[in-house]
Amino acid sequence: MAITLEQLASKLGYTETEMQKKILEIGLEVTPTIEEDMAELIISEVLGKTEKSAAEVYDSIVEGEQEKEIVKSQRKQKAGKIVKKTEFRRPERVELKRGGNSEIGEHISVKELAEKTGVSPAVLIGALMKNGILANINQVIDYETAVIITTDLGVQLKKTSASASAEDIFKGNLEKLLSEDEAEDLKPRAPVVVVMGHVDHGKTTLLDAIRNTDVAAGEAGGITQHIGAYQVDHKGRKITFMDTPGHEAFTAMRARGARVTDVAILVVAADDGIMPQTIEAINHAKEANVPIIVALNKMDKPDANANKIKSELVEYGLQSEEWGGQTIVVPISAKKREGIDALLESVLLVSDVMELKANAKRPAIATVVEAHLDTNLGPVATILVNTGHLKIGDNFIVGQTFGRVKIMRDHLKRPLKELFPSDVAQIAGLNAPVESGQILQVMANEKIARSKASQVHEMAHEELIKSAGMGMQEILVRIKEGTLKLLKVVLKADTQGSLEAIKQALAKVKNDDVAIKVIHSGVGSISESDVMMAAATPGTLVLGFNILEGSNVQRLAERLGIEVVTYKVIYELIDDLKKILTGMLQPEVLLIELGKFKVMKVFFTGKNEMVVGGKITEGVIQKRGKLRVMRDGVQIGEGNIGGLKLVNEDVEELSKGDECGLRYQGKILLQEHDVLEAWKEEKKMKTL
Ligand code: GDP
């Protein structure tokens with residue numbers, strides 16, 4: 001066995017260089033490793049020892065090395081044992097606990113993951129460490145990480161909900177959120193019904209009648225609360241009703257892109273007929289693609305005339321079944337509580353055809369139906385569960401705020417522990433008030449709920465600045481892009497005659513790429529409800545003929561970014577729509593001359609920047625804007641205004657006669673007597 005030069009040197013008490021010298025002195029060759037014979041020769045020469053004792057020295061070197069090796073390997077072995085001890089036993093496929101759920105959202109804490117998968121937290125923490133993540137039991141990990149470690153442990157995770165981006169929550173992209181469910185997880189759910197119709201036709205009476213025919217509710221004997229929604233049991237099947245008669249709830253929710261109602265009951269008083277709000281309701285339901293069941297109310301009245309109503313309904317595309325159409329028309333008397341069973345039966349019939357389903361296993365996504373501040377409970381909200389389950393203690397984000405479910409109760413104030421799809425309840429535990437139509441979504445824990453809520457809050461703020469609706473500019477851009485194929489219009493006019501004339505003229509406006517569709521029309525002034533309707537359907541204009549809109553309407557329209565335009569001449573209205581369709585209505589860029597500034601003194605010269613003093617000789621100068629630099633009447637360059645100072649104060653704008661300081665940004669080296677001409681660009685939409 002050979003030893004190294006280094007080992008030999010160290011044994012003999014020399015440095016490597018000294019050893020090399022000695023070897024050379026002996027007349028031998030220096031090599032990094034030295035064979036036994038050669039080593040013994042060197043030892044005996046250097047130490048003057050006998051051959052035998054040289055051999056002993058050599059042996060001691062070798063033994064020393066071997067010992068070292070042994071120690072090393074023992075250490076390794078020991079270390080190996082430690083590794084073995086901490087190496088995790090890979091369990092056989094982990095059996096989920098009964099009721100366990102391997103569906104998780106975007107984030108989950110180690111503790112919750114352990115609960116869901118049945119794998120002990122220690123094992124999960126170990127698996128995370130193996131993957132380079134130092135975690136404690138409360139550590140929140142993302143879905144991908146959870147999948148990596150649990151796959152190793154033989155557990156299959158499934159991503160369900162809670163993957164909603166702040167944007168989806170903010171925009172209420174409920175359909176998108178719900179579409180994430182896989183078909184196999186979907187189970188039948190109760191229909192959600194909204195009651196609409198003209199004022200005084202009996203909506204409230206009908207909703208009361210339905211609530212009171214529910215035996216369970218009757219038995220409880222509690223005083224019913226109007227919490228915005230309730231659920232009844234009809235022959236063992238549940239039906240959820242929106243308890244807000246009218247169109248507001250419907251539109252408010254739909255304005256956020258959510259289809260929360262499955263069936264619309266259109267209440268028409270048989271002694272009256274189709275009235276403006278009846279038409280509005282029909283249009284709302286049609287726009288939202290919600291099937292209509294007509295409740296022909298007040299049939300107990302002597303002047304009730306079912307046939308008259310049925311024939312009127314035909315005009316609106318609601319031909320009754322008896323007359324060969326598709327629409328179910330149920331004669332009732334809400335007051336006498338007659339025909340209610342048949343009506344509920346029809347609701348179930350229609351919803352059966354729709355095969356309404358939802359995933360009851362995932363964490364809930366719900367829609368706020370009604371919300372207010374309760375003196376005892378703080379902000380409360382009535383919510384309708386669209387999918388998933390919600391239980392006491394769940395953390396959630398709702399609208400721009402977050403919370404934890406503290407109390408859940410139904411319209412009879414009965415406490416509830418858990419909600420499933422189509423269930424409704426009033427919940428407490430919100431951190432701030434919310435609005436109807438906002439989306440609630442269960443989050444893994446408070447931290448995530450809080451941070452997502454703040455993201456949504458920021459987004460809402462930005463969006464408010466940008467304005468939420470689709471104004472004229474965006475409509476035009478979309479038409480040009482080809483992404484808007486249907487220009488929708490809410491049309492109001494002073495008389496039926498002019499309304500018809502406009503409709504006929506509009507029908508003739510044809511374009512290969514974009515069509516016009518009047519989604520709602522009526523006689524009378526433009527109402528807030530018209531604007532809400534436009535807001536609920538992106539790409540809708542509100543047009544008025546020979547009418548005024550109130551200031552409330554204008555304010556609402558501005559807030560929602562809805563274009564409301566009124567005309568006095570039919571031709572102009574039609575002409576403008578033609579222009580929109582052909583993209584002829586363009587934003588114009590206007591060049592606006594502001595004023596002139598004469599340089600009198602140069603205060604500071606920097607790189608591409610100067611501060612000069614001078615006098616405004618014409619018009620106004622603003623603290624931001626573009627400049628032309630004129631010298632002896634000739635333009636020699638350009639620049640920008642970076643600021644404006646009067647004495648030592650920053651100012652927004654100064655006008656003719658003012659002497660001030662001006663920060664110039666540009667390449668030209670300004671001189672005394674130069675004239676700076678300020679101008680700005682203004683993008684102006686050639687308005688309708
Ligand atoms: P809403 O404005 O649509 O909610 O209408 P209400 O439910 O408030 O009803 C308006 C009026 O019609 C009330 O005086 C009710 O008592 C009456 N009413 C409602 N349903 C019936 C009915 O079936 N028969 C009769 N005779 N009157 C009814």
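Ligands are counted one by one from 1 in listed order, and the atoms in each one are counted from 1 as well.
Residue contacts with ligand 1, taken as heavy atom pairs separated by less than 4.0 Å, involve D200 via backbone and side-chain atoms alike.
With contacts defined as side-chain heavy-atom distances shorter than 4.5 Å, the pair V329/K310 qualifies.
Around atom 28 (C) of ligand 1, the closest heavy atom drawn from K301, K298, Q277, E338 belongs to K298. Summarising the contacts of atom 5 (O) of ligand 1 with G339, G202, A304, A334, the nearest heavy atom is found in G202.
Ligand 1 has an N or O atom lying under 3.5 Å from an N or O atom of T205, backbone or side chain. Every N/O-N/O distance between K336 and ligand 1 stays at or above 3.5 Å. Residue V199 has no N or O atom closer than 3.5 Å to an N or O atom of ligand 1. Annotation: M299 places no N or O atom under 3.5 Å from an N or O atom of ligand 1; distance criterion only.
In summary, the atoms of ligand 1 found under 4.0 Å from a heavy atom of H198, numbered by their order in the structure, are 3 (O). Interface of D300 with ligand 1, defined as ligand atoms under 4.0 Å from a residue heavy atom, comprises 22 (C), 23 (O), 24 (N), 25 (C), 26 (N).
With T566 as the fixed residue, the side chain to side chain contact (heavy atoms under 4.5 Å, CB included) test singles out one of N546, I526, V542, L573: I526.
With D394 contributing its side chain and V442 its backbone, the two residues share no donor-acceptor pair below 3.5 Å.
For an aromatic pair to be called close, the ring centres must be under 6.0 Å apart, and F545 with Y567 fails this.
With rounding to the nearest 0.5 angstrom, the CG atom of N359 is 11.0 Å from the CZ atom of F420. Taking OG1 from T327 and CD from E321, the interatomic distance works out to 8.0 Å, rounded to the nearest 0.5 Å.
When only modelled atom types and interatomic distance are considered, D530 and S527 share a side-chain donor-acceptor pair under 3.5 Å.
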